[in-house]
Protein chains: 2
Amino acid sequence: MSDEPARLEEVRDEFVTQWGIMGAQWGINRTMAQIHALLMTASDVMSTDEVMEVLEISRGNAHTNLKDLVGWGLIKIVTKKGERKEFFEAEKDVWEIFRRVARERKRREIDPALETLRNCKAATEDMKTPNGKAFHEQMVQLEDFVSFASKMGDRVGTMQHGKAIKLAMKIFG
Amino acid sequence: MSDEPARLEEVRDEFVTQWGIMGAQWGINRTMAQIHALLMTASDVMSTDEVMEVLEISRGNAHTNLKDLVGWGLIKIVTKKGERKEFFEAEKDVWEIFRRVARERKRREIDPALETLRNCKAATEDMKTPNGKAFHEQMVQLEDFVSFASKMGDRVGTMQHGKAIKLAMKIFG
DNA sequence: ATGAACTTTCAGTAATTACTGAAATCAGAT
DNA sequence: ATCTGATTTCAGTAATTACTGAAAGTTCAT
């Protein structure tokens, strides 16, 4: 039986790899998801150089993706006193991660879709032909649904963990 | 003021384009999303050739993406009697679309992630070092959350529109 | 069996997206 | 002002993903 630290590294590697694949299936890029997985399971903050080394990626790539993760609110920059370098630390609370991803995806994906739907709805408001009316009605249906999803996103995004758990129990308990 | 059919075509084009962009931001390919948008707003079934013509894409491309959409359960093949050709028709009910997408994404993305998490959890079950314990705990947290999400997906995937509305009202009303 | 109408596959190519590495820039210490 | 240790940018390149078009396959009528 191999020693524990070595086994841990192996398992962690598997996790990082799979998280990367998963990220890629969603719209997120593989490296960004891998860095996130790495930091989520790091026992301490990491520097850009450490990330570069572990994942064997270039400085530019590491830099870009670390900053993107900061943009998503999934990791934050920490500075050590006396050190000039930046270090990174991931949010580890799962509920918090979910909230931030939900908020960000809503902002980037749902909101623009909603705008288009509203345009298309408005532009066909007054149509009289059966086709025009049918199209308009489809836009109404979509807009209703997506704006509902958007509101849910807002709700969840501001909900505390405890509240969410209670709510979940009520629904699925 | 231009005539209604022409205006409708313009608006519909905008919708198709934007739906394609949205699809691309999610993991779905642009063309597939465009075809879906096209069929969702079609007043009648469409053939492969019609789709090719409207979107100006090749036969191979149209074919592949139409079949993928069938695989997602978002459109279905209809045959007209006397005609040998296949025609396609989209599910237009928004709730039904949502259910099918939820079901499919769960199957393709959530379930495999869950398997990895369970592996990583099991592989670190017995660890004694602080790092091993911390990693294990993180896997437990993630597994709990993702399996919860998975269960939600199942629930929603089998829920009827009316039930869902009532539930939503209870939560967000 | 032959052929017409249609569907499916796939090798080659185009388009898109991600990554590298080196140069430019920045910020604090001397 | 200069140097040092770091961050940021970006032109060029690599990798990935999507698309084309033509050939092969299928199905049904004759």
Side-chain angles (χ1 to χ4, degrees), chain A residues 16-39 45-72 74-89 108-109, chain B residues 16-39 45-72 74-89 108-109:
Chain A
V16 169
T17 303
Q18 282 300 127
W19 207 249
I21 291 168
M22 218 194 90
Q25 283 169 337
W26 292 68
I28 296 151
N29 100 14
R30 212 181 69 252
T31 304
M32 183 169 148
Q34 286 180 345
I35 297 179
H36 182 230
L38 196 64
L39 284 168
V45 297
M46 291 179 79
S47 66
T48 304
D49 293 75
E50 286 168 324
V51 171
M52 284 166 66
E53 196 184 349
V54 179
L55 297 180
E56 303 182 42
I57 58 176
S58 73
R59 181 171 304 283
N61 194 10
H63 175 80
T64 307
N65 284 296
L66 281 165
K67 287 299 149 98
D68 282 356
L69 280 165
V70 172
W72 276 72
L74 292 173
I75 66 174
K76 68 178 182 186
I77 299 170
V78 292
T79 45
K80 294 183 179 179
K81 43 189 168 184
E83 289 253 32
R84 208 187 299 177
K85 224 197 294 266
E86 290 185 335
F87 293 85
F88 301 91
E89 176 182 55
R108 299 182 187 214
E109 293 150 15
Chain B
V16 169
T17 303
Q18 283 299 128
W19 206 250
I21 291 169
M22 217 194 91
Q25 284 169 335
W26 292 69
I28 296 151
N29 99 17
R30 212 182 69 252
T31 303
M32 182 169 150
Q34 286 181 344
I35 296 179
H36 183 229
L38 195 65
L39 284 167
V45 299
M46 292 180 80
S47 65
T48 303
D49 294 75
E50 285 169 326
V51 170
M52 283 167 64
E53 196 185 349
V54 179
L55 297 180
E56 303 182 43
I57 58 177
S58 72
R59 181 170 303 284
N61 195 8
H63 174 79
T64 307
N65 284 297
L66 281 165
K67 287 298 147 101
D68 282 356
L69 281 166
V70 172
W72 277 71
L74 292 174
I75 66 175
K76 68 178 184 187
I77 299 170
V78 292
T79 46
K80 294 182 178 178
K81 42 189 170 185
E83 290 252 32
R84 206 187 295 176
K85 224 197 295 263
E86 290 185 334
F87 294 85
F88 300 92
E89 177 181 55
R108 299 182 187 214
E109 293 151 15

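In the text below, chain A, chain B and the rest are named by the order of the sequence lines, each starting its count at 1.
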From [atom1] of [X] over to [atom2] of [N], roughly how many Å is that when rounded to an integer?
X     : N      : atom1 : atom2 : result
B:H63 : C:dC10 : NE2   : P     : 11 Å
A:L55 : C:dT20 : CG    : C1'   : 15 Å
B:K85 : C:dT8  : NZ    : C1'   : 16 Å
B:E83 : D:dC28 : CD    : P     : 15 Å
A:D49 : C:dG21 : CG    : P     : 14 Å
B:M52 : C:dT7  : CE    : C1'   : 12 Å
A:I28 : C:dA18 : CD1   : C1'   : 15 Å
A:I21 : D:dT17 : CD1   : P     : 11 Å

Are any of [X]'s side-chain N or O atoms less than 4.0 Å away from OP1 or OP2 of [N]?
X     : N      : answer
B:N61 : D:dT20 : yes
B:K67 : C:dT8  : yes
B:N65 : D:dA18 : no

How is A:N29 classified with respect to the nucleic acid when contacts are heavy atoms under 4.0 Å: base, sugar-phosphate, or nothing?
->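 Sugar-phosphate only.
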Map A:T31 and A:R84 onto DNA chain C by nearest heavy atom, then report which one ends up closer to the 5' terminus.
-> A:T31
First of A:R59 and B:A24 reached from the 5' end of DNA chain C, by closest nucleotide |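 Final value for this comparison: B:A24.
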Under a 4.5 Å cut-off applied to non-hydrogen side-chain atoms, are [X] and [Y] in contact?
X     : Y     : result
A:K67 : A:I77 : yes
A:K80 : A:V45 : yes
B:V54 : B:M46 : yes
B:F88 : B:T48 : yes

At what distance, to the nearest 0.5 angstrom, does OG1 of A:T64 lie from CE of A:M32?
->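 Separation between the atoms: 11.5 Å.
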Looking at the side chain of B:T48, which of D:dT9, C:dT7, D:dA6 is the nearest nucleotide?
->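 Looking only at heavy atoms from C-beta outward on B:T48, the closest nucleotide is C:dT7.
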